[in-house]
Structures are given as structure tokens and as C-alpha cells.
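A quick note: this is a predicted structure, and the numbers were derived from the prediction, not measured. Basis for what follows: all heavy atoms, side chains included, without hydrogens, waters or symmetry-related copies. Naming convention: chains lettered A, B, ... in sequence-line order (proteins, then strands); numbering from 1 in each chain.
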Amino acid sequence: MLEVKNIKQHLAAYQEAFQKRNFDASKVLPEVLQLDEQRRNMQTELDQILAESNQLSKEIGMLFKNGEQQKANILKEKTAGIKLKTKQISTEMDAVNKTLVELLFSIPNVPHSSVPAGNSEDDNETIFGEGEIPKLDKKALPHWELAQKYDLIDFELGNKITGAGFPVYKGKGARLQRALITYFLDKNTQAGYTEYQVPHLVNAASGFGTGQLPDKEGQMYHVTEDDLYLIPTAEVPVTNIFRDDLLTEDQLPIKCTGYTPCFRREAGSYGAHVRGLNRLHQFDKVEIVSLVKPEDSYQVLDDMVAHVKEILRELKLPYRILRLCGGDLGFTSALTYDFEIFSTAQERWLEISSVSNFETFQANRLKIRYKTKDKKKHLVHTLNGSALALPRVLAGILENYQTPEGIKIPEVLVPYTGFDIIN
RNA sequence: GGAGAAAUGGCAGAGUGGUCGAAUGCGGCAGUCUUGAAAACUGUUGAGGGUCACACCUCCGGGGGUUCGAAUCCCUCUUUCUCCGCCA
């Protein structure tokens with residue numbers, strides 16, 4: 001949710017920036033300002049009436065104390081009209097407020113100045129790449145065939161137990177996944193992120209806080225009986241740890257990491273490009289979340305990108321980094337870098353991390369603020385990223401590390417897996 | 001799941017219809033004293049809105065109600081604690 005005072009201050013600049021994400025803000029922003037003005041005026045009017053009412057009540061109290069019942073009763077009659085009026089104004093104000101908030105909820109974040117304009121993923125900007133793409137044998141297999149060949153993942157079994165998109169990991173496949181999770185968490189904690197284990201179901205308030213609700217309701221599994229949602233990412237419970245918090249300046253930056261399964265309905269879209277581990281309803285992910293002072297957030301974004309880079313370097317996976325264009329940018333994000341690894345057997349890039357700066361967009365909804373030494377209060381900037389998403393990393397390792405003898409295990413993982421080849 | 005009790009400022013804890021946004025203690029901050037520290041003493045110390053600044057408004061778990069007036073009374077929801085039942 002954007003801050004009204006910022007809209008007021010940067011109206012023209014915002015209008016222009018929104019064009020990059022093809023969002024027509026020409027009507028909605030002035031409307032927000034107009035509603036805010038209206039709400040403000042009503043608030044002032046209401047306050048004045050309440051002040052009058054409070055004053056009268058006090059006088060009545062004094063009169064009763066002094067035994068001047070008659071005078072008190074005269075004043076009482078005066079209050080009747082005031083009561084009516086307060087009710088009237090406050091219902092009107094609630095209505096205006098509701099419209100205002102709904103409108104604000106419908107406005108996406110303002111793209112950062114470095115965000116390229118564009119409509120789709122084709123317009124994303126590749127800003128970095130490294131790692132050697134291995135030259136594989138002609139007989140190289142995609143990961144779903146490797147998974148079957150070495151009995152690592154059973155997709156059919158998942159179908160039986162639950163349905164499509166819920167694979168069962170098995171033997172060395174399960175072990176490799178667990179090794180990756182532990183390795184990621186170790187890397188993250190070494191980099192100063194505090195590890196959390198959080199609930200996998202969240203309430204609606206948490207969903208609103210991080211922006212999954214109300215617009216992306218259909219993407220989450222909803223447990224209607226208890227009105228809870230299965231988390232689509234650890235970002236939701238982890239960021240909500242700090243909802244409504246007033247932090248002190250010296251508590252920042254706050255860096256958290258957490259491993260959770262993630263649940264996504266992702267209705268539609270079946271076919272070859274979502275085969276195997278490419279797209280699932282349940283998958284594992286290790287997430288990193290940062291809460292920082294506004295002036296630090298872009299440096300921290302770079303730090304988080306560097307951190308993910310280091311992990312991919314250690315795993316020796318060929319990857320590239322994209323700066324998302326306006327059209328591909330998430331609703332809540334101001335700037336997002338996507339990491340993709342090259343799936344050699346599928347000959348395509350797979351997204352395995354997305355690192356974003358939300359600036360105050362989430363913090364404004366979540367009311368996460370901090371107090372400076374001179375007691376000024378500001379919203380924090382929130383950032384998060386995957387470090388990393390498991391299934392596609394697993395897929396990338398299986399495919400890129402395959403040899404005629406079997407699948408080799410990246411060196412850094414061997415201490416975690418306890419074996420160095422799958423054959 | 002059943003029975004009972006409770007929810008107040010950073011914490012502890014009073015207040016049970018009328019200057020209560022809230023006593024008191026601890027903690028925090030500032031000062032006095034001290035070479036420095038501790039102790040002692042003095043002052044100060046919740047949040048949001050609003051204003052150039054005041055004024056003023058709102059907030060005593062959430063929501064609703066009674067009343068001229070609610071932290072205080074009523075309804076409801078949530079959470080916590082104790083006891084019982086069940087249980088990884």
C-alpha cells in the first residue's frame with residue numbers, strides 16, 4: 001500500500017513511473033488524494049463535535065456533583081442532537097475511508113527508476129551471468145527421467161496420495177533435497193540471517209499484510225473451516241512476525257531466514273514446460289527476509305543478490321540474473337532481480353530465486369515502523385528473496401551433473417549428503 | 001472437548017460509572033552529587049491522528065451496545081492461565 005503523503009508529494013513522478021508497468025494511474029491517484037482530503041475534513045469536523053460533547057459531559061458531571069440536577073437536565077437535552085450528528089458523520093467517514101483503502105489496495109508499488117519498461121518476461125533485462133554450461137552427451141536426460149531412472153522422485157505416487165503437483169521424494173532424492181535445505185540455512189545463518197521456524201498456515205490478517213490478499217486470493221489454498229491459508233512462501237509468516245511493531249533504530253537491520261514448504265494453487269497451465277519439478281503445488285523453499293532503514297535498502301538488495309550469487313557459485317551451477325521489467329514486476333515490488341539457472345537437458349532457464357525490494361509498500365500495510373534517536377517514526381523497508389527454491393535447483397543439479405556413471409554431487413553438498421554420486 | 005479465572009502503558013500492578021490517558025513500583029532517559037562508577041536525590045518517560053506550533057480527537061485484548069458520560073455496566077469474539085479429558 002502506497003503512502004498517501006508520498007502520492008501527494010510525487011504525483012507527477014508516480015504517474016510517469018507507473019507507465020513502465022502499464023498501470024494507468026491518471027485517474028486513481030487524484031481520486032485517492034481527493035478522498036483523503038474528504039476524509040481529513042470529516043475527521044476535523046467530527047473531532048470538533050466530539051470536543052463539544054466531551055465538554056458538555058464534563059459540565060453535567062460537575063453539576064450533578066454539586067446537586068444542581070435541574071441545570072444538568074437542561075444540558076442533557078442539548079446533547080441529544082450532538083449524538084445524532086456524531087453518528088451520522090462517523091458512518092459517512094467510514095464509507096469514505098473504506099473506499100479510500102480499497103482504492104489504495106488496488107494500486108501496485110511504484111517501479112524503481114532502474115526498472116525497464118516492458119510488457120512481459122521478454123522485456124526483462126539480463127544484467128549478469130556466470131558459470132559454464134556443461135556440454136552434455138546426446139543421451140542426456142531431463143530431470144524427470146533421471147528421477148525415475150535413479151528412483152529419486154515418484155510423481156505417480158504423489159498423484160495417488162494427493163494429486164498432480166505433489167511429488168514424493170525418495171532415498172537419495174530425499175536426502176539430496178534435505179542436504180540442500182540444510183546447506184542453504186547454514187549459508188544464510190553464516191551471513192547473519194537468524195533462522196526461524198514459522199507456522200505453515202496463516203490468518204487473513206497476515207495475508208493482507210504481505211499483499212497476497214485481497215488480490216491473489218485464488219493462488220493460496222484456503223482452509224475454510226478455520227479461515228486459514230496455507231502459505232505460498234515463508235515471506236508471509238516471517239514478515240508478519242513484525243506486523244504492528246515499533247522498532248528502535250538500533251534493532252535494524254533485521255535479517256531472517258526460514259525453511260518452509262510452499263503451497264500454490266497455480267490454476268491452469270499444464271504441459272511440457274511444467275513437467276517434473278518445474279512447477280508444483282507443494283515445494284520447499286528457504287527464504288531470506290530483511291527489514292532495514294530506507295536509506296540502506298538498495299545496498300541491502302545488492303547484498304542479498306551477492307549472497308545468492310555466492311551460493312550458486314559454490315554449487316557451480318550456470319546462472320544469470322534478470323532485472324524484471326515493469327510488466328513482469330510483482331504487485332508489491334519496486335525492484336526485483338530474478339535468478340535463473342540453466343537446465344541443460346531441457347535447454348531452458350529455470351527461475352530459482354527472486355530478490356525484491358518492497359520499500360515501504362508492505363511495511364505500510366503491516367505497520368512496521370522504527371523510531372530514530374530523535375524519536376521520529378518511519379516505516380521500514382522490507383526485502384526478501386529465495387535462498388533458494390528447492391525443486392528447480394534439484395532439477396538443475398540432476399541435469400547438469402549427470403554423467404554416464406551417474407549423477408555427481410556438487411562438492412559443497414557432499415558433507416551434507418554423505419555420498420558423492422547417485423548411480 | 002468440559003469447568004472456572006483473567007486480559008490495563010517497556011514490565012509488574014492499582015483503578016470498578018464523572019477532570020482517568022490512567023496511582024504506585026521497576027525499567028528507560030536527563031540532571032545533581034562523584035576522579036569515574038554504584039548508591040541516593042530531582043525531573044522526565046505510551047501510541048495514533050491533527051497543527052507551523054498549540055488546541056483538539058482516538059486508543060485500557062477486538063467488535064458491538066447501555067449512558068449526557070465507560071478502563072469500570074451489558075452482549076459477543078479472540079487470547080492467556082488453572083483444573084479435568086484426549087494426545088504427538
Who does [N] pair with, Watson-Crick or G-U, both distances under 3.5 Å?
N: B:U35; result: none
N: B:C11; result: B:G25
N: B:U66; result: none
N: B:U16; result: none
N: B:A53; result: none
N: B:A47; result: B:U58
N: B:C87; result: none
N: B:U80; result: B:A5

In whole Å, measure the gap between the [atom1] atoms of [N] and [M] for me.
N: B:U72; M: B:U67; atom1: P; answer: 16 Å
N: B:G4; M: B:U16; atom1: P; answer: 26 Å
N: B:G28; M: B:C81; atom1: C1'; answer: 29 Å
N: B:U24; M: B:U45; atom1: P; answer: 13 Å
N: B:U44; M: B:G25; atom1: P; answer: 13 Å
N: B:U76; M: B:U66; atom1: C1'; answer: 15 Å
N: B:A71; M: B:G61; atom1: C1'; answer: 12 Å
N: B:U79; M: B:C74; atom1: P; answer: 22 Å

Modelled atom types, side-chain donor and acceptor of [X] and [Y], under 3.5 Å:
X: A:Gln190; Y: A:Asp186; result: no
X: A:His381; Y: A:Glu359; result: no
X: A:Gln43; Y: A:Asp47; result: yes
X: A:Gln362; Y: A:Thr332; result: no
X: A:Asn109; Y: A:Ser333; result: no

Item checked: Shortest non-hydrogen separation from A:Ile368 to A:Thr239 and the atoms involved -> CD1-O, 3.9 Å
Item checked: RNA chain B contacts made by residues 33-40 of chain A, counting heavy atoms under 4.0 Å -> A:Arg40
Whole-Å distance separating the [atom1] atom of [X] from the [atom2] atom of [N]:
X: A:Leu228; N: B:U78; atom1: CG; atom2: P; value: 13 Å
X: A:Asn97; N: B:C57; atom1: CG; atom2: P; value: 20 Å
X: A:Lys371; N: B:G28; atom1: NZ; atom2: C1'; value: 10 Å
X: A:Asp227; N: B:U78; atom1: CG; atom2: P; value: 12 Å
X: A:Asp47; N: B:G48; atom1: CG; atom2: P; value: 17 Å
X: A:Met93; N: B:G50; atom1: CE; atom2: C1'; value: 12 Å
X: A:Gln43; N: B:C57; atom1: CD; atom2: P; value: 12 Å
X: A:Asp244; N: B:G10; atom1: CG; atom2: P; value: 13 Å

Report which part of the nucleic acid [X] touches: base, sugar-phosphate, or nothing (heavy-atom distance under 4.0 Å, all strands).
X: A:Asn54; value: sugar-phosphate
X: A:Lys377; value: sugar-phosphate
X: A:Lys367; value: nothing

Item checked: CG-CZ distance between A:Leu29 and A:Phe18, expressed to the nearest 0.5 angstrom -> 6.0 Å
Check: If you measure from CG on A:Leu291 to CG on A:Asp296, what distance do you get to the nearest 0.5 Å?
Finding: 12.5 Å
Item checked: Mutual orientation of the aromatic rings belonging to A:Tyr193 and A:His307 [parallel < 30°, tilted 30-60°, perpendicular > 60°] -> tilted
Notebook entry, point to check: In terms of the angle between their ring planes, are A:Phe105 and A:Phe208 parallel, tilted or perpendicular, with boundaries placed at 30° and 60°?
Noted result: tilted
Checklist line | Pair A:Tyr370 + A:His378: ring centers closer than 6.0 Å | finding: yes
Check: If you draw the axis of the six-membered ring of A:Tyr259, does the NZ or CZ of A:Lys285 fall within 45° of it and under 6.0 Å from the ring centre?
Finding: no
Margin query: Here's a test of your reading of the structure: between A:Gln55 and A:Leu246, which maps to the more 5' nucleotide of RNA chain B?
Written below: A:Leu246
Next item on the list: Ignoring backbone atoms, establish whether A:Arg369 has a side-chain N or O less than 4.0 Å from OP1 or OP2 of B:G48.
Entry: yes
Notebook entry, point to check: With the sugar-phosphate defined as primed atoms, P, OP1 and OP2, and the base as all remaining atoms, what B/S/- string results for nucleotides 67-74 of chain B, 5' to 3', for protein heavy atoms under 4.0 Å?
Noted result: -BS-----
